[in-house]
Amino acid sequence: MAKLMQLERILQSQGFGNRKACRALVRARRVAVGGETLLDPFAESTLAGLVLQVDGVDWPYREKAYLMLNKPTGHECSRAPRHHPSVLSLLPEPLRNRDVQPVGRLDEDTTGLLLLSDDGQFIHRLISPKHKVAKVYEVTAKHPVDDGQIAALLAGVQLHDEPEAITAAACTRISERVIHLSLTEGKYHQVKRMLAAAGNRVEALKRIAIGPLKLPEDLPEGGWRWLEESELGGM
Ligand code: URA
């Protein structure tokens, strides 16, 4: 049987505040479905395919939130940032209220593909080294990347504090100073430390893919979008 839920509870589940705030939102005539203003906060609705409009903005009902963000520099991936604003400040308030969290961390000066979710199992699966989800980075190096450095990254480099050499799953030269480096773990400053151990230095770092998911060219820096069901299937 189709699942029914009261409007105020639906709004609450989607991050629009507590039940009292959601009731007030409805009574202020700010919530609609299909262009029709809803007036009864206790009216029950089916959830499948439901698209709420709040202040004219579409909010498709999502039991869990799965998002991608094109992270700009100057943002920290922490909920309690120290020196720069959090990436969460780039999301609309209902998503922040839903306790959406970054899937792993990118450094403050790293750009590119960052996933966020309020699904703890999804987050765990993607960051656990056991699952070997490849993260691909576009690395702009300070010096030309020579064959010896690529061979070292593939064979494994010794990082301080790591018991064993760390290998790249793949490494492709794109131009003299740009490589694509694929890693299946996410150790602290891993790309920067690996490049340094190979005798080079990272000048700019951008994550361009996570598993089968690529950073879309049309997603501007600082922009976010929902992940589609079809994209989640492969994760
Ligand atoms: N490796 C790094 O050094 N920094 C990042 O942000 C991600 C991977």
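Whatever order the structure lists ligands and atoms in, that order sets their numbers, starting from 1.
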Does the pair D107 and K71 meet the rule for a salt bridge (charged side-chain N to carboxylate O under 4.0 Å, His left out), with working shown? CA-CA 10 Å; D107 296 336; K71 181 189 173 297; over 6 Å; no
What do the steps show when you test V26 against F16 for side-chain contact (heavy atoms from CB on, under 4.5 Å), and what is the final call? CA-CA 11 Å; V26 176; F16 287 94; over 6 Å; no
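- Of the options L113, T110, L215, a side-chain contact (heavy atoms from CB on, under 4.5 Å) to K206 is made by L215 and by none of the others.
- Scanning for salt bridge (charged side-chain N to carboxylate O under 4.0 Å, His left out) contacts around R177 gives E203, with sequence neighbours left out.
- Applying the side-chain contact (heavy atoms from CB on, under 4.5 Å) test between L153 and each of I179, T167, I166 identifies I179 as the sole match.
- Shortest non-hydrogen contact noted between Q14 and Y61 is NE2-CE1, 3.1 Å.
- Closer than 4.0 angstrom to ligand 1 by heavy atom are L106, D107, T110, Y137, H189, Q190, V191, K192, L205, sorted by chain and number.
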